[in-house]
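To start, the structure under review is shown below, and the notes come after it.
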Amino acid sequence: MAKKFYVTTPIYYVNDKPHIGHAYTTIAADVLARYHRLAGEEVFFLTGTDEHGAKVAESAEAANKTPQEFCDENSAKFQMLWDRLDISNDAFIRTTSSYHQQGVAAFLNRLKEAGAIYEGEYQGLYCTGCENFITEKELVDGKCPNHDKAPQVIKEKNYFFKLKDYLPKVKELLDSGELKILPTSRHQEVLGLLRQGLDDFSISRQSVKWGIGLPFDNRQVTYVWVEALQNYITALGYGQIDEKFAKFWPADIHLMAKDIIKFHAIFWPAMLLAAGLEVPKVIFAHGFFTVDGQKMSKSLGNVIDPDALIDELGAEAVRYLLLSQFPFGADGDVKASNFVIQYNSDLANGVGNLVSRVLAMADKFLAGKTPDQDKEFADEMAGIWRQYREAMAAFQIDKAVEVIKKWQIFCDGYIERHKPWALAQTNNNQLAKVIYNLLEALRHLALMLYPIMPITADKILISLGQTDWQASSLPDLSRWGGLKAGTKVVKGEALFPRLEK
RNA sequence: CGCGGGGUAGAGCAGUUGGCAGCUCGGCGGGCCCAUAACCCGCAGGUCGCCGGUUCGAGUCCGGCCCCCGCAACCA
């Protein structure tokens, strides 16, 4: 029975169109999903869109559409981007889908039965112009800045979740490592939040209409954050067909950006505990991009549009470049102008050129026929793979990229030291050895590249005559000598044509 | 004293348990000619934010200070 691996991205709020941050999270999740599939595990990779809430309803109205139409259109934008980026998600959940709504109802009923929900009163400032609650801090001169009206104080009956009852248990799980928050700096942050203390929170809204009705009181709608988190289990059929749920839950990793860590590291585990379910194993929060040292924001106009970037550099390069900018997990600064430079140095001059020169030599000196096996790098390669696997297992995608880059540089150096073009004149036995080692080295390079740049990897493997490699998994594939003597290899088109800038 | 992150070569970043400061890009000088004017070798460039402490030894541990950023306050 294969090991399972369940990886998720957050579901993205349809109120906005996809930006580079959404792409970053999703690509990272895809890399993990593809790596674990390559390793022979049974993978479930989930992403989707979060579609309820007052804001969506407002945006829909402003666009003169029904909320459902608005959601359909915006959700499709995310799906289209993921298609362009070759994201290999196994499911795409939409919170407006009926199976999600049914799963949410089942979950909330369970919380209610467990005694984790009580009725309370929510008091807030309500702006009739907004038709929504606003916070005191949003007020300008005591008035709603959008409508220039003073808000009313309204008391609304709400249902609350007994968060406080479950906090000690959450703390325990964090301390024991059963629930891991990564990177460790985020773990500290969560501990800080717990130290500050948190209150029970409201799980419903009376004033909001666009949402999922509470199963035990249909005058109220489930607070959007509460039902959004449940996507991770409803997508597995929780509350309906429990087969997938039994197989894949708990999640091996919830991936997200650092801004929503509180919901995932505290609220979500607490709700799961209340419902008697297992908590996820790892919550991984990566950092934010700054662009030229500044926060990315619409008002500054420095937002990087993923579609434009793909148009310029191609999906494969975008995947690679985003993940190799800075350590996965940390914040990092990005210079838009740097993408082209790095494309040229890493991809065109690096991987692309290496593949090109090796295949050209195999073709020119040996008529494209793979020579007899040589084992010069058998041990070396095993060591490289160990580093690669360790990096991936620790979710250090940037380190995995580093391992690949080092191997590519090593291969370029190997060529220079042995000068196959000279050997072709003097020593055919030695030439055959060197070319075999290079071709086989390329096969390993492609395999390591696969999670990050799947199309490129496949192109390289096809050039090496490896057409059915996907039928095997890593333990076999990563063994030295997979390339058989006599295999025909062909030089293809340049993988990454150099960009003039 | 709200919480958290960070200040290391011109730029962007690594530095696991304290043990000679590293990587990539860029700059400069050589080499090579298989390759996408790509590749390889070498060189230059750093008071590791500041002050103090612990130690045989501190970028790394402790205390204080300065500066930047994120969250709290619709964004991954």
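Below, read A as the first sequence line, B as the second, and so on, with proteins coming before strands; counting in each chain starts at 1. Below, each value reflects all heavy atoms present in this structure, side chains not excepted, and no hydrogens, waters or symmetry copies.
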Nearest whole angstrom, please: distance from the [atom2] of [N] to the [atom1] of [X].
| X | N | atom1 | atom2 | value |
| --- | --- | --- | --- | --- |
| A:Arg186 | B:G70 | CZ | C1' | 8 Å |
| A:His187 | B:G5 | NE2 | P | 12 Å |
| A:Leu255 | B:A76 | CG | P | 14 Å |
| A:Asn349 | B:U24 | CG | P | 14 Å |
| A:His286 | B:G70 | NE2 | P | 16 Å |
| A:Gln408 | B:U24 | CD | P | 11 Å |
| A:Ile266 | B:G4 | CD1 | P | 13 Å |
| A:Asn344 | B:U36 | CG | P | 15 Å |

With [atom1] as the reference atom in both, quote the distance from [N] to [M] in angstrom, rounded to an integer.
| N | M | atom1 | value |
| --- | --- | --- | --- |
| B:G70 | B:A9 | C1' | 27 Å |
| B:U36 | B:G46 | C1' | 35 Å |
| B:C43 | B:C48 | P | 22 Å |
| B:G45 | B:G52 | P | 27 Å |
| B:U55 | B:G63 | C1' | 16 Å |
| B:G5 | B:C62 | P | 13 Å |
| B:C20 | B:C56 | C1' | 15 Å |
| B:A14 | B:C25 | C1' | 15 Å |

How is [X] classified with respect to the nucleic acid when contacts are heavy atoms under 4.0 Å: base, sugar-phosphate, or nothing?
| X | result |
| --- | --- |
| A:Leu495 | base |
| A:Tyr12 | sugar-phosphate |
| A:Asp412 | sugar-phosphate |
| A:Gln342 | nothing |
| A:Lys406 | nothing |

Considering only NZ, NE, NH1 and NH2 on the basic side and carboxylate oxygens on the acidic side, decide whether A:Asp412 and A:Arg357 come within less than 4.0 Å.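 Result for this pair is yes, salt bridge flagged.
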Less than 4.0 angstrom from a charged side-chain N to a carboxylate O is my criterion; do A:Arg84 and A:Asp311 meet it?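 Looking at A:Asp311 together with A:Arg84, the answer is yes, because their closest N to O distance falls below 4.0 Å.
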Please name the nucleotide paired to [N] by Watson-Crick or G-U wobble geometry with both distances under 3.5 Å, or report none.
| N | result |
| --- | --- |
| B:C13 | B:G22 |
| B:G70 | B:C3 |
| B:C50 | B:G64 |
| B:G42 | B:C28 |

Look only at the side chain of A:Asn231 and the backbone of A:Ala228, and say whether a donor-acceptor pair between them is shorter than 3.5 Å.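 Flag set: sc A:Asn231 to bb A:Ala228 pair under 3.5 Å.
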With no hydrogens and no angle check, is any side-chain donor or acceptor of A:Thr95 less than 3.5 Å from a backbone partner on A:Glu51?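 Side chain of A:Thr95 to backbone of A:Glu51, a donor-acceptor pair under 3.5 Å: yes, one is there.
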Contact list (N/O, under 3.5 angstrom) for nucleotides 31-34 of chain B vs protein:
residue: B:C34; atom: O3'; partner: A:Lys364; partner atom: NZ; Å: 3.3
residue: B:C34; atom: O2; partner: A:Arg357; partner atom: NE; Å: 3.1
residue: B:C34; atom: N3; partner: A:Arg357; partner atom: NE; Å: 3.4
residue: B:C34; atom: N3; partner: A:Arg357; partner atom: NH2; Å: 2.5
residue: B:C34; atom: N4; partner: A:Arg357; partner atom: NH2; Å: 3.1

Examine the side chains of A:Lys491 and A:Ser463 and answer whether a donor and an acceptor come within less than 3.5 Å of each other.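 No, A:Ser463 and A:Lys491 have no side-chain donor paired with an acceptor closer than 3.5 Å.
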side-chain hydrogen bond (donor to acceptor under 3.5 Å, both in side chains) between A:Gln68 and A:Asp72, intermediate numbers included: CA-CA 6 Å; A:Gln68 190 63 55; A:Asp72 289 349; 3.0 Å; yes
With respect to the side chain of A:Lys491, which nucleotide from B:C25, B:A35, B:A76 is positioned closest?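 Nucleotide nearest to A:Lys491's side chain: B:A35.
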Please determine, for the side chain of A:Asp346, which listed nucleotide (B:A76, B:U36, B:U24) has the closest atom?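 Per side-chain heavy atoms of A:Asp346, the pick is B:U24.
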Under the salt bridge (charged side-chain N to carboxylate O under 4.0 Å, His left out) rule, collect the residues that match up with A:Asp30, sequence neighbours excluded.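 Salt bridge (charged side-chain N to carboxylate O under 4.0 Å, His left out) check on A:Asp30 returns A:Arg34, A:Arg319.
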Do A:Arg417 and A:Phe410 meet the cation-pi criteria used here (NZ or CZ under 6.0 Å from the six-membered ring centre, within 45° of the axis)?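 Judged by the rule (NZ or CZ under 6.0 Å from the ring centre, within 45° of its axis), A:Arg417 counts as positioned above A:Phe410.
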On RNA chain B, does the nearest nucleotide to A:Glu402 precede the nearest nucleotide to A:Pro10 from the 5' side, or the other way round? Give the residue.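 Looking at the nearest nucleotide for each, A:Glu402 comes out on the 5' side.
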More 5' along RNA chain B: A:Leu193 or A:Lys399, using each one's nearest nucleotide?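 Of the two residues, A:Leu193 wins.
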Heavy atoms of other groups near A:Lys419 NZ, more than 12 under 6.0 Å: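 More than 12 within 6.0 Å, yes.
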